[in-house]
Amino acid sequence: KKLVEVYQSEKNYLQVARVWRRLIQVREAEEGVENSELLELWKEMTRLLQDTVEDQDNETQQHLISAFERALQLIDVPSEAHRSLSQDYIKCLSKLPHEVAKLKEVCDATLSRYPTHSYPLEALSEHYIRTGQFRSNEVNGIKKKNTHTQNCCFSRLSELDPNNSHAHFGLGIKACQDKKYEDAIKSISLGEFINTIKNSQMFCDLLQYGWRLSKFFKLLDKNVSAELLSSHPGSVEGLTLKGLVHVAKEQHKQAEESFLEALSGSPDNGELFFLMGRLFWNMGEEMRRDRSKAHTHLLKAAKLDPYLGSVFRFLGHYYREVAKDQGRARGCYKRAFELDSSDAESGAATVDLSMEQGDMDSALTVLQSVTERATPGSAKWAWMRRGLYHLKIGQHQQAIADLQAALRADPQDWVCWECLGEAYLNRRSFTAALKAFDKAHTLQPTSIYSLYQTAAIKQILGRFKEAAAEYRQILEQEDYVPALKGLGECLLALARSALDDYLDGRAVDLIQNAIHYLFRALKQRPDLSCLWKLLGDACTTSRTVSPNRAKVLVPGALCGMDPLDQGHTLDQRQLLTLGERCFGRALKLMPEAPSLWCDLGLNYYHQSRLLSCLNPEEDQQPLLEKAIQCVKKAIMLDSANHTYWNALGVVSMAKGIENFALAQHCFIKSVKAESNNVVAWTNLGALYLKKGNIELSHEAFKIAQSLEPLYVNCWIGQALIAESVGSYDTMDLFRHTTELSTHTEGVKGYAYWVCSTLLDRSNRDSEIYLYNIVQMNAVSAAQVALSKYTERVQTDPDAFIMLGYLNTHLQLRKQATEAYRRAVELLQASPHTDKLSFALRVYGRALSDDGRWEEAVRIYSSTPLEELHDLIGLALAYFRIGRMPESVQAYEKALAVASSEKEKACILTALALIQHRLGNIDHAKTLLFKCSMLKEPVSESLQCLCSLGLVHGEVTLASATLTELLKLGEHVGGAVEERCLLTCTLLALQGNYSGVHREAARAIHRNPGNPSLWALLSRLVPQYCPNKAKGGAVAGSVACHASLTLGKRALLYSGVNQLASGRHSGEDRRHNALKTIQRAVLLCPDDPAGWAGLMAACHTENTACLLQGSAPRREDLERAHMTLVSEKEDGLLAQALEGWVLQQAVTGLKQSGQYDQAETLCSQVLSVSPEQPVVFLMLRQVQCERLLLSDAGNCVPPAVLDQLSAAVMANHTSVSAWHWLAEVYHSQGLLAQASVAYRQSLQLASQLGDHIGKMSSLLQLALLALMPCLAGVCVSEWKDLVLEASNEVLKMGSSPVALLFQALLQFSIKMGARETRRLLEKIVYASASGGSETIASVARWYLLRHLHAKDDLELIDTLLVNATAEGDSRLVDFHRRLYPSS
């Protein structure tokens, strides 16, 4: 092996082969040598020699071949090792030109063993291409056999490896030999050789086999072209290639010189003559004008090379464009296409000329042959032309299939997309057509046709807004008449839709725009009857709206007014006349169009109806006669059209003609012409109903209902029949008509029945009322429908009166006032004085409800003042504007007119209220007592008398009156919440504070569905029972969910209850007072109480943060809240609320240590209003507290204390002021003075009836007395004071604080007593039932001290368990200090 390496390095390959062969022979001679070892030696020999086989001599090459053969004999067959070694052997043989036979033998053997292995075929193909055996096949006499072998090799290799370049190149050469240039181009272009040809012999071979230089040049890149030119500088091929390069660079003169020089070397070369002819065809203007030179060269090329299809294509161009000989041109194109089936231009020209000459069969034959051979995504020209042919003859499905095939070849062809959209449109596949045209417009945005068809399809589909937008987009480019017509139609359709929805203003605007665009179209094409017809329709459509709304701006040139270039506003009558003229112009263009005669007749009919409405005295007979004559003319032209018969029947029934026999005949003829004619059946039913034939009318309407259940007119007819016969279904039928659509007759009928039902107060609990009014939401539905009715029919006072009544019922005061005003305006010009008086009465009442009292007085004064309601309304209006004497006079007149005891009682109650307002309390009581002595007392008088007693503190009067009021019962005694409020107020006045919330709770138990009672309970709890504030918050939440109206205020009540219960964000981040009040402010931003509550909630949050040791997050908001409250405050409690807010702001500033700002704020208020003792007291409090915080605060001078006492005494209604003064005395050690101050606050709270102030004063007094007792100074005076004060608190209600004070007093007297443990345990173990956790924690602390003194470990363990369960870590730490070892 060392010797072999030496020879290998010296490139002495023969010695390498000999030495390695001798080694193998030595090993073979030895006994027991394995074949595998010998195989490895032979394979090693092949590896040593195969890489340098081309540099070896013949002996060495034979040694290498022998080594491959011996190794192949020893290896297992078949196996991967055998296949790999065979591949190396074939690769080695392919490098030895003299071993061709061996190569073919080994390749055949390998293919037989490994048929899916492509390398042997690749080696053979490379050998055929490299050695140029195509030429030898032609020279030798065995062309056919060898050619077949080569074809099999290339074809089989292409099957095994579709991307193999050798296979494609070989197949391309064979196709070129067979003059199959299309297949040759496909095959050669797929190969990799075309741009790597360096061998001039291969280039010559390609040309020799018939490969066209013009085709070959298309496949070359610039570098290869330059190399071929340099390798063939003077040859014909080189000169031709040079000319083609010049043609590519548009250097026509140089190209001509190159081709002429090439022709001199090959004068019989047809391709060169073709290239010259093509060059002359494409040269400058002179050559384009004189095509004879090109024609001569093309004819010469055709004679020399009759198989060159491109020549015949250009000859076809010449005969079609220059000679105008379509027959010869068709023949040339046909010949070109026969020679080269890939020539799409020739094929398309052949088909086009055949179709032009009427030879459809030939054209279809060509198209059929191409499409049958075409692969998917090819032959676009054939598919498209066949698709257009099928589209032309109406075979839309086949056309769609062909055009889809064309689009597979070129998806970006916008013309093909338009053709496909046209095919879909003709097949009525509108959605697919819309997508096709959208795609075409995307590819070609400037195409008007695709955009127009898109708009037209959307118009067909009823998408008029989108269609109008598309039409306008077209008109931005040009005034396209079809687009103008389509836009006018869309606007007219939108106007009709708006009229159906009673949007008359929008409809008028759309009609005006439609007229504008249609007139633009008419200016370009006045000869189009359809445009005149559409313009007449637009003018006639305005008949539906109210005459005073139908004001349309029309061009002067259209309406014939000067100046012609400006617009003129036409009213409804002028518009209908203009429509008449438009229909007349249309009839001049198409006099035999029956639809135009019918439209003109209906236009005359609508003119007559408008005339009867505007000028009843004017004769409308001529218009009706014209209408009948026009519709009869339409019937003469087309007697089978049912709509014309129906129109004639409608006109015949018009007032002024009333030819009912003719109308009946016409409706019957219409039904016979079209059996499913719901309109004619309905009109026939209306005719019978007008004549009083109920049965026939009912039958006609029933048939119409069966034909079209959604047609509203037939349902209105049935409702009118039901109304005439007194059926209970009348209201249901009218309601159904409003549900189907809005119709004037149906709307007015339904509104009448709703108002009639509402006026009958005796049936409010009946099932009919609950279903027809409540369950079916009749009031809102009738109000909406009647609003639409009055917008269109603005001359019906009855409708406005009903609309006003419905608006009043819905609390829409301004709308009700406007409706009644319109009714009064209409009735003032009418002779119906009774209706006018009624309208004035309700109008005055609406003005009063809307707060417009001065106008109400004026309206009531314009009435005769003979009716009770007029006098009462006038009296109330006088009262509201403060004219009390006039109000009393009006009420006294009403009292004289009143006929019933109930009316007199109500009037006397009103007089009593006026006397109370005037300060005549005794007179008011006398009037109210007089009311109660009537036979039919009313609850209002008793409520007033009870309220009077409560306001003036007369408990006996209030109690007796309330007893009488409660005797009237639930339904007679007025609102439940009002009686509950009176009862709660009486209890509070009697000092029964615990009974206040209990009374509200009892009322809720009796009426759990009344949200007002829940809101009242939530309002009362913080004031009279703050320890149940959690329940008050729940009550407010219930009211919020039960009523949207009360919910806004109840939400604030709920937040105040959460404040009272101490619910802040530290306890619950989602449900706390701040979040709740923020929601209340969001719902009612104009309520000053809400902002005041928000201010309190922010103060609570800041206080909670300070108690928890964190920094407050909502500071410096006091002034902002004060500003908001002062801006929004209004009403009787405004001053009290402002004072509270100021006090809260000062408290917040003091808490945050901003005493300077607090003092400044008080000083600013005093500078504006100096006579405010409350603010002066706050200023003194700020100054005193600053003094107490200073170093001199330990000893306040007596003079300062006297000033503080004087400031407190000046606030004779402030309980908290006395509390503050007591705290100041306490801080100075003046317990006796502090006790006196607390007693003063207790006395003041008792006088004011302040329940919370009284309880707070007692607790503060008890705490003051308890302090010295806990300090060991247990004087009997302080002890008695603690017991007295706490017992008074317990008498007022349950109070855990009072119990704690008594327990601590017992602890201070005798810590180890059993009574002490009992009192403390009562507080500790009762905390789970709702007591304060802070109170329970304090009680645990003292109980642990008691048990520690008694050394009762068992009870201590029980206490620890309770503390752990309640989270009292403070007590656990205290226990750990007392018992360190535990």
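In this structure, the side chains of Thr569 and Val552 stay at 4.5 Å or more apart for every pair of heavy atoms. Two residues are said to be in side-chain contact when any heavy atoms from C-beta on lie closer than 4.5 Å; Met731 and His736 fail this criterion. Side-chain contact between Ile768 and Thr757: absent, with no pair of heavy atoms (C-beta onward) separated by less than 4.5 Å. No side-chain heavy atom of Phe464 sits under 4.5 Å from any side-chain heavy atom of Lys458. Counting heavy atoms from C-beta on, the side chains of Arg427 and Tyr424 come closer than 4.5 Å. The side-chain heavy atoms of Leu570 and Met561, taken from C-beta on, include a pair separated by under 4.5 Å. The side-chain heavy atoms of Gln512 and Leu491, taken from C-beta on, include no pair separated by under 4.5 Å. Side-chain contact between Cys666 and Asn646 is absent, with no heavy-atom pair separated by less than 4.5 Å.
Checking side-chain atoms of Asn615 against main-chain N and O of Glu618 turns up no donor-acceptor pair under 3.5 Å. Between the Trp597 side chain and the Leu637 main chain, no donor and acceptor come within less than 3.5 Å of each other. Side chain of Glu580 to backbone of Gly536: no donor-acceptor contact under 3.5 angstrom is found. Panel note: side chain Asn763, backbone Ser766; no donor-acceptor pair is recorded below 3.5 Å. Remark: side-chain polar atoms of Thr737 are not paired, donor with acceptor, to backbone N or O of Ile716 under 3.5 angstrom. Judged by distance alone, the side chain of Gln524 and the main-chain N or O of Asp479 form a donor-acceptor pair under 3.5 Å. Under a 3.5 Å cut-off, the side chain of Thr738 and the backbone N or O of Arg735 do form a donor-acceptor pair. With hydrogens and angles disregarded, no donor-acceptor distance shorter than 3.5 Å links the side chain of Ser697 to the backbone of Asn693. A donor-acceptor contact shorter than 3.5 Å links the side chain of Gln572 to the backbone of Arg543. Checked by atom type and distance alone, the side chain of Tyr644 pairs as donor or acceptor with a backbone atom of Ser595 at under 3.5 Å.
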For side-chain contact (heavy atoms from CB on, under 4.5 Å), just list the numbers for Asp796 and Lys748, CA-CA rounded to whole Å, side-chain angles, deciding distance to a tenth of an Å, and then say yes or no.
CA-CA 10 Å; Asp796 189 349; Lys748 190 173 181 181; 2.6 Å; yes
Decide side-chain contact (heavy atoms from CB on, under 4.5 Å) for Leu434 and Asp438; before the verdict, give the C-alpha distance in whole Å, the side-chain angles of both, and the deciding distance to 0.1 Å.
CA-CA 6 Å; Leu434 191 62; Asp438 282 341; 4.0 Å; yes
The test is side-chain hydrogen bond (donor to acceptor under 3.5 Å, both in side chains); show your working for Asn603 and Thr540 and say whether it passes.
CA-CA 6 Å; Asn603 179 275; Thr540 308; 3.0 Å; yes
Worked check of side-chain hydrogen bond (donor to acceptor under 3.5 Å, both in side chains) between Tyr449 and Gln453
CA-CA 6 Å; Tyr449 178 75; Gln453 289 290 23; 2.8 Å; yes
Please determine whether side-chain hydrogen bond (donor to acceptor under 3.5 Å, both in side chains) holds for the pair Tyr604 and Glu625, giving the CA-CA distance in whole Å, both sets of side-chain angles, and the decisive distance to 0.1 Å.
CA-CA 9 Å; Tyr604 283 128; Glu625 292 294 338; over 6 Å; no
side-chain hydrogen bond (donor to acceptor under 3.5 Å, both in side chains) between Thr682 and Asn713, intermediate numbers included:
CA-CA 7 Å; Thr682 303; Asn713 292 25; over 6 Å; no
Could you walk me through whether Leu484 and Tyr471 satisfy the side-chain contact (heavy atoms from CB on, under 4.5 Å) test, starting with their C-alpha distance in whole Å, then the side-chain angles of each, then the deciding distance to 0.1 Å, before giving a yes or no?
CA-CA 7 Å; Leu484 288 168; Tyr471 285 131; over 6 Å; no
Take Leu803 and Ser787 through the side-chain contact (heavy atoms from CB on, under 4.5 Å) test and state the conclusion after the steps.
CA-CA 7 Å; Leu803 179 60; Ser787 298; 3.5 Å; yes
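Counting non-hydrogen atoms of other residues, nucleotides and ligands closer than 6.0 Å to CZ of Arg792 gives a total above 12. At most 12 heavy atoms of other shown residues, nucleotides or ligands fall within 6.0 angstrom of atom CZ in Arg506. Counting heavy atoms of neighbouring residues, nucleotides and ligands inside a 6.0 Å radius, atom CZ of Phe430 exceeds 12 of them. Heavy-atom neighbours of Lys435 NZ from other residues, nucleotides or ligands within 6.0 Å: at or below the threshold of 12. The number of heavy-atom neighbours closer than 6.0 Å to CD of Gln621, taken from other residues, nucleotides and ligands shown, is above 12.
In summary, Asp527 and Arg525 engage in a salt bridge, as defined by a charged side-chain N under 4.0 Å from a carboxylate O. Ion pairing between a basic and an acidic side chain is recognised when a charged N comes within 4.0 Å of a carboxylate O; Asp500 and Arg496 show no such pairing. The pair Asp571-Lys551 does not count as a salt bridge, with every side-chain nitrogen at least 4.0 angstrom from each carboxylate oxygen. With respect to Lys788 and Asp501, no salt bridge is recorded, no charged nitrogen being found less than 4.0 Å from a carboxylate O. With respect to Lys835 and Asp798, a salt bridge is recorded, a charged nitrogen being found less than 4.0 Å from a carboxylate O.
Counting all heavy atoms, side chain and backbone alike, Leu578 lies closest to Leu558 at CD1-O, 3.7 Å. Scanning both residues, Ser724 and Ile694, for their nearest heavy atoms gives OG-CD1, 4.1 Å. Listed here is the closest heavy atom pair of Ala514 and Gly488: CB-O, 3.8 Å. Residues Val481 and Leu531 approach most closely at CG1-CD1, 4.4 Å, considering heavy atoms. The shortest non-hydrogen separation linking Cys598 to Val631 is O-CG2, 4.5 Å. Here the closest non-hydrogen pair linking Leu689 and Gly717 is CD2-O, 4.4 Å.
Two rings, from Phe800 and Tyr820, have their centers 6.0 Å or more apart.
Within the model, atoms OH of Tyr752 and CG of Leu786 stand 14.0 Å from one another, a figure rounded to the nearest 0.5 Å. Of the inter-residue distances, the one linking Leu587 atom CG with Lys633 atom NZ reads 9.5 Å to the nearest 0.5 angstrom. Separating the CG atom in Leu602 from the OG1 atom in Thr643 is a distance of 9.0 Å, to the nearest 0.5 Å. For the atom pair OG (Ser542) and CG (Leu575), the distance works out to 4.5 Å, reported to the nearest 0.5 Å. Considering CZ of Phe838 and CG of Asp834, their distance stands at 11.5 Å, rounded to 0.5 Å. Taking CG of Leu589 as the reference point, atom CH2 of Trp532 lies at 8.5 Å (rounded to 0.5 Å).
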For residues 703-710, please give each side-chain donor-acceptor pair under 3.5 Å, one per line with the distance, not counting sequence neighbours.
{"from": "Gln705", "atom 1": "OE1", "to": "Gln718", "atom 2": "NE2", "distance (Å)": "3.0"}
{"from": "Ser706", "atom 1": "OG", "to": "Ile703", "atom 2": "O", "distance (Å)": "2.6"}
{"from": "Glu708", "atom 1": "OE2", "to": "Leu710", "atom 2": "N", "distance (Å)": "3.2"}

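Ser670 and Asn677 are linked by a side-chain donor-acceptor pair at a separation below 3.5 angstrom, with hydrogens and angles left out of the test. With no hydrogens or angles considered, no side-chain donor-acceptor pair links Glu470 and Tyr452 at under 3.5 Å. No hydrogens or angles considered: nothing links the side chains of Glu791 and Tyr502 as a donor-acceptor pair under 3.5 Å.
Ring geometry for His665 against Trp645 counts as perpendicular: the plane angle is over 60°, on a 0 to 90° scale with 30° as the lower cut.
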